[in-house]
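What follows is a single structure, written as C-alpha cells, with notes after it.
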Amino acid sequence: MDKDFFLAAVKSNEALLYKIASLYTNDKEDRNDLLQEIVYNLWKSFTSFNQNSSISTWMYRVAMNVAIYHLKKAKRKVVTVPINEQFHDVQEEMSGEFEERLQGFMQQVNHLNLLDKGIVLLYLENKSYKEIAQLTGLSETNIGTKLMRIKEKLKKQKQ
C-alpha cells in the first residue's frame with residue numbers, strides 16, 4: 001500500500017469528497033464527520049483498488065456508498081448545506097441575481113432522491129453519461145432517461 005499515492009489521490013479529489021459530504025449532511029459538524037468517515041473508508045479499502053477505473057471514479061463510488069450508508073444509519077432527512085456556506089469565497093463575486101437563481105436551483109435539488117442528487121452532482125461535474133453509468137451502476141441509456149426526467153421534474157418544481 002503506497003501511503004504517498006493515497007494521500008496525493010485524496011488531495012487531488014478533496015473538492016469532490018467535500019461536495020459529496022456537503023450534499024448529504026445538514027451542518028458543518030456532520031459534514032466534517034462524514035468527510036472523516038469517507039477518508040477512513042477509502043484508506044481501509046485502498047488495497048481493493050484494482051485500477052479497473054480511475055482513482056477518482058473509485059473514490060467517488062466509495063464516498064457515495066459511505067454517505068448513503070451514513071444517512072440510512074442515522075435515519076434522518078436529507079438536507080444539504082446551503083450553497084452560500086459551500087462556496088463562501090465565490091459568493092462575494094456573484095451578482096445578486098445569479099446568487100438567487102443558484103440558491104433556487106439548490107433548493108430544487110434538495111427535493112430529489114439520493115440517486116438523482118448523485119446523478120445531478122456528476123452531471124454538474126461534467127461527467128459523461130458513460131462515467132456516470134460506471135459510478136452508479138446504471139446503464140448509459142438509463143442515465144440519459146433519468147437526467148431527462150430529473151430536468152422535467154426540476155422544471156415542474158420551478159413553475
Side-chain angles (χ1 to χ4, degrees), residues 3 6-46 48-49 53-94 96 98-129 131-138 142-143 146-147 149-151 153-158:
K3 180 181 174 184
F6 175 78
L7 293 174
V10 169
K11 182 70 176 163
S12 67
N13 289 285
E14 68 184 344
L16 177 64
L17 300 176
Y18 180 86
K19 288 175 188 175
I20 291 169
S22 295
L23 189 63
Y24 291 100
T25 56
N26 297 322
D27 58 40
K28 186 177 180 179
E29 286 182 23
D30 287 343
R31 182 186 63 233
N32 290 339
D33 288 346
L34 181 55
L35 271 170
Q36 185 175 13
E37 193 171 333
I38 288 170
V39 172
Y40 170 73
N41 277 280
L42 286 168
W43 175 252
K44 192 169 71 170
S45 60
F46 188 60
S48 71
F49 174 59
S53 61
S54 71
I55 188 77
S56 62
T57 299
W58 176 79
M59 291 180 107
Y60 177 85
R61 287 192 103 158
V62 171
M64 286 297 291
N65 287 334
V66 170
I68 290 169
Y69 175 77
H70 183 74
L71 284 174
K72 287 180 179 177
K73 183 178 167 188
K75 294 182 182 176
R76 60 186 144 154
K77 185 178 176 186
V78 177
V79 179
T80 62
V81 173
I83 194 78
N84 59 350
E85 285 183 33
Q86 281 184 318
F87 301 106
H88 187 328
D89 297 335
V90 176
Q91 181 183 7
E92 294 172 6
E93 299 172 15
M94 289 192 268
F98 177 78
E99 184 180 341
E100 283 181 31
R101 290 176 54 204
L102 186 57
Q103 286 180 347
F105 173 73
M106 290 306 292
Q107 287 174 351
Q108 289 179 296
V109 170
N110 282 338
H111 295 290
L112 298 175
N113 65 40
L114 291 175
L115 178 61
D116 289 351
K117 279 185 183 182
I119 290 171
V120 167
L121 173 69
L122 291 169
Y123 182 74
L124 294 175
E125 289 286 322
N126 294 320
K127 298 289 185 187
S128 68
Y129 284 16
E131 290 173 305
I132 297 172
Q134 288 173 339
L135 290 166
T136 60
L138 302 172
N142 198 343
I143 294 300
K146 282 195 153 295
L147 277 169
R149 290 180 180 159
I150 291 168
K151 288 176 186 178
K153 188 183 294 185
L154 292 174
K155 283 179 187 176
K156 286 180 182 176
Q157 284 180 5
K158 190 176 179 180

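If you read the sequence from its start, that first residue is 1, and numbering goes on from there. Values below: every heavy atom of this structure, side chains too, minus hydrogens, waters and symmetry copies.
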**Asked** Looking at Leu147 and Tyr123, what are the two nearest heavy atoms and their distance?
**Response** CD1-CD1, 3.6 Å
**Asked** Which value, rounded to the nearest 0.5 Å, describes the distance between His70 atom NE2 and Thr25 atom OG1?
**Response** 7.5 Å
**Request:** Could you tell me which residues satisfy side chain to side chain contact (heavy atoms under 4.5 Å, CB included) with Leu115, sequence neighbours excluded, listed by chain and number?
**Result:** Asn113, Ile119, Thr136, Leu138, Lys146
**Complete:** Checking Ile55, Val10, Asn41 against Phe46 for side chain to side chain contact (heavy atoms under 4.5 Å, CB included), the one that qualifies is Ile55
**Prompt:** What is the minimum heavy-atom distance between Gly118 and Met64, and which atoms define it?
**Reply:** CA-CE, 4.0 Å
**Request:** Looking only at non-hydrogen atoms, find the nearest pair between Lys117 and Leu112 and report the distance.
**Result:** CE-O, 3.5 Å
**Request:** Using side chain to side chain contact (heavy atoms under 4.5 Å, CB included) as the criterion, point out the one residue from Ile20, Asn65, Ile132 that pairs with Tyr60.
**Result:** Ile20
**Prompt:** Rounded to the nearest 0.5 Å, how far does NZ of Lys153 lie from CD of Gln108?
**Reply:** 12.0 Å
**Prompt:** Partners of Phe49 by ring-ring contact (aromatic ring centres under 6.0 Å, His included), sequence neighbours excluded?
**Reply:** Trp58
**Asked** salt bridge (charged side-chain N to carboxylate O under 4.0 Å, His left out) with Glu37: which residues, sequence neighbours excluded?
**Response** none
**Asked** Taking Tyr24 for the side chain and Leu114 for the main chain, is one N or O donor matched with an acceptor at less than 3.5 Å?
**Response** yes
**Prompt:** At what distance, to the nearest 0.5 angstrom, does CG of Leu122 lie from CG of Leu16?
**Reply:** 7.5 Å
**Message:** Tell me every residue that passes side-chain hydrogen bond (donor to acceptor under 3.5 Å, both in side chains) with Ser54, counting only those two or more places apart in sequence or in another chain.
**Reply:** Ser56, Thr57
**Prompt:** When rounded to the nearest 0.5 angstrom, what is the spacing between CG in Asn13 and CD1 in Ile38?
**Reply:** 12.0 Å
**Prompt:** At their closest point, which heavy atom of Met59 faces which heavy atom of Ala9, and how far apart are they?
**Reply:** SD-O, 3.7 Å
**Request:** Take atom CD of Glu125 as the centre, draw a 6.0 Å sphere, and report whether it contains more than 12 heavy atoms from other residues, nucleotides or ligands.
**Result:** yes
**Request:** Return the minimal non-hydrogen interatomic distance between Lys19 and Leu121, and the atom names on each side.
**Result:** CB-CD1, 4.2 Å
**Asked** Looking at residues at least two apart in the chain, or sitting in another chain, which of them share a side-chain hydrogen bond (donor to acceptor under 3.5 Å, both in side chains) with Tyr129?
**Response** none
**Prompt:** For Leu17 and Ala63, which heavy atoms make the closest approach, and how far apart are they?
**Reply:** CD2-CB, 3.8 Å
**Request:** Name all residues meeting the side chain to side chain contact (heavy atoms under 4.5 Å, CB included) criterion together with Glu131; count only those two or more places apart in sequence or in a different chain, and write none if there are none.
**Result:** Lys127, Ser128
